[in-house]
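Everything on this sheet refers to the single structure shown next.
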Amino acid sequence: MKDFIAELRWRGMLQDMTPGLENHLKEGMKSAYLGIDPTADSLHIGHLVGVMTLVHFQRSGHKPMALVGGATGMIGDPSFKSVERNLLDMETLNQNINAIKTQLAKFLDFEGDQANKADLVNNYDWMAPFSFLEFIRDVGKHITVNYMMAKDSVKRRLEEGNGLSFTEFSYQLIQGYDFYYLWKNKSCSVQLGGSDQWGNIVTGAELIRKKAGGEAFALTVPLITKADGSKFGKTEGGNVWLDAEKTSPYAFYQFWLNVSDEDAGKYIRIFTTLDQESILHLENEHQEAPHLRGLQKELAKQITVMVHGQQEFELALKASSILFGKSSLEDLAALDERTFLQVFDGVPVLRLSTEQFKALENTTDLLALDGMIFNSKGEARKMIKGGGVSINKVKINDPNAEVAMPLLQEKYLLVQKGKKNYYIVKVG
RNA sequence: GGGGGAAUACCAAAGCGGCCAACUGGGACGGACUGUAAAUCCGUUGACUUAUGUCUUCACAGGUUCGAAUCCUGUUUCCCCCA
């Protein structure tokens, strides 16, 4: 059995824990849970810190439990949120829960018969049959409103004056009861969570103490930050999701590859299961040859493989080298159609009939057609003069040149506006 | 209520009768360099077209002039000072 706390510590994943937890875990196999509210039909990388904590917990020989909040998801956690959340309906919640289950299985071992196999629970199962009267008699009695209001997370909402409904206020009580329930029925003695969950988790431990005289522990992981101060896990396109439909494996891979040097070391500790020695080794290499970005590449590889699998990773790698490497017309032409379409998955496609294509007088006409690539011919010309347009990886210099590029696979042209904007022209 | 000032393109800020589609800085977008980075340097930044052209802009509505963002009148908004 490995030392879970020590593991988190060197990885920089330990924000806070209740006293005694370290000794508690040394007694033998324990069980810990992490709650995830099914607010969307996919996890995003913000969830990953918590999930990785569970992963390390399992790797340390303990039993992890993931709790999807079918009940709490209906309420909405007010912690550090400035406005009242929207309620989700049952149907959406169930879809979300199922999607999240599938994603969790990529990280945790739910199969097999080993003692520490991961479990998935849904608090809807025990909250739904619970009547309101029973709840306030059995649970509400043990925790005072004074205690609940003293939490930072609640206090802030009260001070801001945006209001806090009773529904959201009761969230911490429900989460507290979850902890109690799992402690009582599943011998779960530890709750993990983000640092914003500290208050909620402690309420649960308090409930266990008051209601049953039991002992339970809390452990929180730090909020992930970025060296430049901007918010972690966001791109211009919004959240970085684990669902390939929402964030393509390529975009996912790119996100990690583009992590700054300062952040890469921190992230590789948190988001991969590489051991300390390997990481130090990678960091040394990175020190010596920062331009190779070995650290980012390994980080991106590890996570992409874990989330999307080896095959998707290789495709993302291929796409990256074609899009950003020194690839040439030959490289492009060498791709078979299927790979080509996969590499350029998500790139806008401009469809042209063969007649339309033949009728084009010059390159500018092509680029300004439909206003999709450029809004006007003038704009296209300017960009060409500025050296910002390539077709099939060959830079265009003359706006009036005829369209004489060979069609890839007899039907595609790859248009590049600037470095990162790709368009496909499909003829026929 | 009285007095003074300001309104300019994405933002900031020049211009004060023709040389103004409007200096300059920031931002944005391109290019070079590079690590798909940072820093730096260069270019573009009203629209359409590509001729060295047309059209629409300098709060709004009128006016004076061959000609105005620049002068006059009114309207609106904002700021400052006195009450």
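We use all heavy atoms of the structure for the numbers below, so side chains are in, but hydrogens, waters and symmetry mates are not. A, B, ... follow the sequence lines: proteins, then strands. Residue 1 opens every chain. Treat the numbers as computed from the prediction; the structure is a model and nothing was measured.
The nucleotide whose nearest atom lies closest to any side-chain atom of A/Lys382 is, among B/U44, B/U36, B/G31, B/U44. When distances run from any side-chain atom of A/Ser376 to the nucleotides B/A37, B/U49, B/U50, the shortest one goes to B/U49. Distance from the side chain of A/Lys395 is smallest to B/G31 among B/G31, B/U50, B/U36. Considering only side-chain atoms of A/Lys420, the nucleotide from B/A37, B/C29, B/G35 that sits closest is B/A37. Among the nucleotides B/G35, B/U50, B/U36, the one closest to any side-chain atom of A/Phe324 is B/U36.
The nucleotide B/U50 finds no pairing partner, because no Watson-Crick or G-U wobble arrangement with both distances shorter than 3.5 Å includes it. In this structure, B/U56 makes no Watson-Crick or G-U wobble pair, since no nucleotide meets both defining distances under 3.5 angstrom. Using the Watson-Crick or G-U wobble rule with both distances under 3.5 Å, B/C20 pairs with nothing in any strand shown. For B/G25, the paired base is B/C11 (Watson-Crick or G-U wobble, both distances below 3.5 Å). Under the Watson-Crick or G-U wobble criterion, with both distances below 3.5 Å, B/A37 has no partner in any strand shown.
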task: Could you please spell out the steps behind the salt bridge (charged side-chain N to carboxylate O under 4.0 Å, His left out) verdict for A/Lys246 and A/Asp41?
output: CA-CA 10 Å; A/Lys246 291 183 189 297; A/Asp41 61 356; 2.9 Å; yes

task: Check step by step if side-chain contact (heavy atoms from CB on, under 4.5 Å) holds for A/Phe107 and A/Leu48.
output: CA-CA 10 Å; A/Phe107 296 89; A/Leu48 231 43; 3.5 Å; yes

message: Please evaluate residues A/Glu283 and A/Arg269 with respect to the criterion salt bridge (charged side-chain N to carboxylate O under 4.0 Å, His left out), reporting the C-alpha separation (whole Å), side-chain torsions for both, the decisive distance (0.1 Å), and the verdict.
response: CA-CA 11 Å; A/Glu283 281 181 329; A/Arg269 284 173 172 74; 2.8 Å; yes

- request: Test side-chain contact (heavy atoms from CB on, under 4.5 Å) on A/Leu350 and A/Tyr423 and set out the steps.
  value: CA-CA 7 Å; A/Leu350 175 64; A/Tyr423 301 87; over 6 Å; no

query: Between A/Glu22 and A/Met17, does a side-chain contact (heavy atoms from CB on, under 4.5 Å) hold up when you go through it step by step?
result: CA-CA 9 Å; A/Glu22 216 162 351; A/Met17 58 177 177; 3.8 Å; yes

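B/C60 sits 15 Å from B/C78 when the C1' atoms are compared, rounded to a whole Å. The P atoms of B/G17 and B/A7 are separated by 16 Å, rounded to the nearest whole Å. If you take atom P in B/U8 and the same atom in B/G3, they sit 25 Å apart, rounded to whole Å. Atom name C1', nucleotides B/U44 and B/A9: the rounded distance is 15 Å, in whole Å. Using P as the reference atom, B/A32 and B/U24 are 25 Å apart when rounded to the nearest Å. B/C33 and B/C48 are spaced 30 Å apart, taking the P atom of each and rounding to whole Å. Taking the C1' atom of each, B/C20 and B/A68 are spaced 11 Å apart, rounded to whole Å. A gap of 23 Å separates the P atoms of B/C19 and B/C10, to the nearest Å.
Atom-to-atom, CG of A/Asn375 to P of B/U45 comes out at 16 Å; the value is rounded to the nearest Å. As a whole-Å value, the separation of A/Leu292 CG from B/G35 P is 9 Å. Rounded to a whole Å, the CD atom of A/Glu379 is 12 Å from the P atom of B/G30. Per the geometry, CD1 belonging to A/Ile384 stands 20 Å off P belonging to B/G43, to the nearest Å. Between A/Ile373 atom CD1 and B/G30 atom C1' the separation is 16 Å, expressed in whole Å. Taking atom CD on A/Glu262 and atom P on B/A38, their separation rounds to 11 Å, with Å as the unit. Straight-line distance from the CG atom of A/Asp261 to the P atom of B/U34: 17 Å, rounded to whole Å. The separation between A/Asn258 atom CG and B/A38 atom C1' is 13 Å, rounded to whole Å.
Electrostatic pairing of A/Arg157 and A/Glu168 counts as a salt bridge here, judged by a charged N lying under 4.0 Å from a carboxylate O.
Summary of the strand contacts: A/His286 and A/Gly386 both lie near RNA chain B, and taking for each the nucleotide with the nearest heavy atom, the more 5' one is attributed to A/Gly386. For the pair A/Gly418 and A/Arg293, nearest-nucleotide mapping onto RNA chain B gives the more 5' position to A/Gly418.
Looking at A/Asp178, A/Asp119, A/Val121 one by one, the single match for side-chain contact (heavy atoms from CB on, under 4.5 Å) with A/Tyr33 turns out to be A/Asp178.
A/Gly378 comes within 4.0 angstrom of a base, heavy atoms only. When heavy atoms are screened at a 4.0 angstrom cut-off, A/Ser260 is found touching no nucleic acid atom at all.
Contact between the side-chain N/O atoms of A/Asn421 and the OP1/OP2 oxygens of B/C29 is not found at any separation under 4.0 Å.
Evaluation of atom-type donor-acceptor distances gives a pair under 3.5 Å for the side chain of A/Lys419 against the base of B/U34.
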